[in-house]
2 protein chains.
Amino acid sequence: MNDRQPGSTSPKAQLIAGEVRRRIVEREWQQGERIPDEADLAVTFGVARATVNKALQLLADEGLLDRRRRAGTRVALNPVRKAIFTIPIVREQIERAGMKYGHRVVAQRRSPIPDETAARIGVPPGREFIHLRAVHYGDERAFQFEDRWINPDSVPGLDKVDFRHQNANEWLVRNAPYLRADIAFSAENADARDARMLGVPKGQALLILHRSTWNDTGPITTVRIACHPGYVISTAD
Amino acid sequence: MNDRQPGSTSPKAQLIAGEVRRRIVEREWQQGERIPDEADLAVTFGVARATVNKALQLLADEGLLDRRRRAGTRVALNPVRKAIFTIPIVREQIERAGMKYGHRVVAQRRSPIPDETAARIGVPPGREFIHLRAVHYGDERAFQFEDRWINPDSVPGLDKVDFRHQNANEWLVRNAPYLRADIAFSAENADARDARMLGVPKGQALLILHRSTWNDTGPITTVRIACHPGYVISTAD
DNA sequence: TAGTGGTCTAGACCACTGG
DNA sequence: CAGTGGTCTAGACCACTAT
């Protein structure tokens, strides 16, 4: 009746999630403890059960709650920590940082994929893919070195594209939407090629990003991206 | 055509999201193009509008759709790709890999935080925190080296805990729920201490994880974790 | 101003699973 | 078997914003 909240948006589910989060953080509800069921909370907060459900699902997705039918909802014992990273398009990332974007293709040719790459994307070894090496620059300084394999059968018209004058990343984003993607981070010492491409000493620690994408007909592309020293991937944006 | 999912539950929202995803991937609905509004889709699919709404919000969260009031829903021009990583508790990660977990505290003392650390968590430099260095082992081999600073004011009773016989990570997880966390990945060449702690050559490329947490009263802890060579963080699980 | 997504509600039925 | 979360529905009103 008198829920007036002048001027402020008030998604009730958010408010409820915040209140539950507060009770957990302030140890009103202890780890492992069962909290009231949805119907009770709905009465307590004066909202519909669906609203409580939405709020609690939010917190369960965050890993703060464990929910099971019949067993009820408990404060998680081992809060699973999830981190969401947005994987930007290189050009946008560089331009957003106020730098001038540049792009140079080092090599483009068809060749049989190496065994390791074949295993990574789950195709028989020895198949011919399009192999592409390119460097992305920000203000003339090497930003990323990308080593990419593209499945020529994955997208019609792919054979006719000349990636020497066309950013492969962006072409693929626009022409080959994918259904599934794998992303992995690791660290490697720069080998001779990495060092040459990025203009850094051999042995320099580099953040390496592996990304592969598939659609319903099979793999589209897999790429190893070596980032310039100092590159940081963060949830903080 | 054949959306059969034998034995699997079929929440309608999931099915609808899958169908919309399919239409996008198969270019039935092109990038930038407007798709029918929720009411139309509800009729098309024979469900309530709320169900369509849920499905489309899923896809918008994935970055596949752009939705705006009054303007309608469009296939995203630059699909923003989000990756969700779960940050496991070290012990569980090691034990899940079938290895024996070990843990050794190298140092614990109060000391003033370095400027860089202070800046990272947003407190004035020079404050005294609890400084902790520890190594986590899997089957007797160094797995991670952690260098942690804990705010003594963040959790009551913290002063009395002896982390030499108590895993700091797990104690904090259970006793200091947080409201906000930042996580960042980067790569560094092992310095002398990293090398000694992990038993690797100096200069070895290491994946570095920085994590900081806050509750409503301020920072709780910030930690730099150096992972053993070969460590990979992946969405694939 | 009107069209579109955002959210809520009250009620219903179902799916799972603990006791 | 019965209690709890999972999901759906039909309807409603609101918040934004393109036109």
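So you know, we letter chains A, B, ... as the sequences are listed, proteins then strands, and number each from 1.
With distances taken from any side-chain atom of A:T73 to the nucleotides D:dG5, D:dT9, C:dG6, the minimum falls on D:dG5. Listed nucleotides C:dT7, D:dA15, D:dT7 differ in distance to B:R69; the shortest reach to its side chain belongs to D:dA15. With C:dT4, D:dT7, D:dG5 as the choices, the nucleotide that has an atom nearest any side-chain atom of B:D37 turns out to be C:dT4. Across C:dG18, D:dT9, D:dG6, the shortest atom-to-atom separation from the side chain of B:K12 is found for D:dT9. In the set D:dA18, C:dC8, D:dT4, D:dA18 carries the atom at the smallest distance from any side-chain atom of B:R68.
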**Q.** Stepwise side chain to side chain donor-acceptor pair (under 3.5 Å) check, A:Y101 with A:N167
**A.** CA-CA 11 Å; A:Y101 175 73; A:N167 187 316; 2.7 Å; yes
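In this structure, the CD atom of B:E38 is 16 Å from the P atom of D:dG11, given to the nearest Å. When rounded to the nearest whole Å, the span between CZ of A:R74 and C1' of C:dT17 equals 14 Å. Atom pair B:R67:CZ and D:dA15:P shows a separation of 18 Å (rounding to whole Å applied). Whole-Å rounding puts the B:D66 CG to D:dA18 C1' distance at 16 Å. Nucleotide C:dC8 holds its C1' atom 15 Å from the NZ atom of B:K54, rounded to whole Å. Atom pair A:L41:CG and C:dC8:P shows a separation of 15 Å (rounding to whole Å applied). Residue A:D40 contributes atom CG, which lies 13 Å from atom C1' of D:dG5 at whole-angstrom precision. Atom CG of B:L15 is separated from atom P of D:dT7 by 12 Å (rounded to the nearest Å).
Note on B:E33 versus B:R27: no salt bridge recorded, every NZ/NE/NH1/NH2 to OD/OE distance being 4.0 Å or above. No salt bridge links A:R96 with A:E92; every basic N to acidic carboxylate O contact stays at or beyond 4.0 Å.
Mapping A:G72 and A:A50 onto DNA chain D via the closest heavy atom, the residue that lands nearer the 5' end is A:G72.
Base contact: A:R49 has a heavy atom under 4.0 Å from a base atom. At the heavy-atom level, A:A13 lies under 4.0 Å from the strands shown only through sugar-phosphate atoms.
Residue side chain A:R70 does not reach the base of C:dA15 through any donor-acceptor N/O pair under 3.5 Å, judged by distance alone.
Side-chain atoms of B:Q57 and B:N53 include a donor-acceptor pair closer than 3.5 Å.
Without hydrogens or angle criteria, B:T222 side chain to B:I121 main chain gives no donor-acceptor distance under 3.5 Å.
At C:dT7, one or more side-chain N or O atoms of B:Q57 fall inside 4.0 Å of OP1 or OP2 (strictly under the cut-off). Regarding contacts with the backbone of D:dG5, every side-chain N or O of A:N53 stays at 4.0 angstrom or more from both OP1 and OP2.
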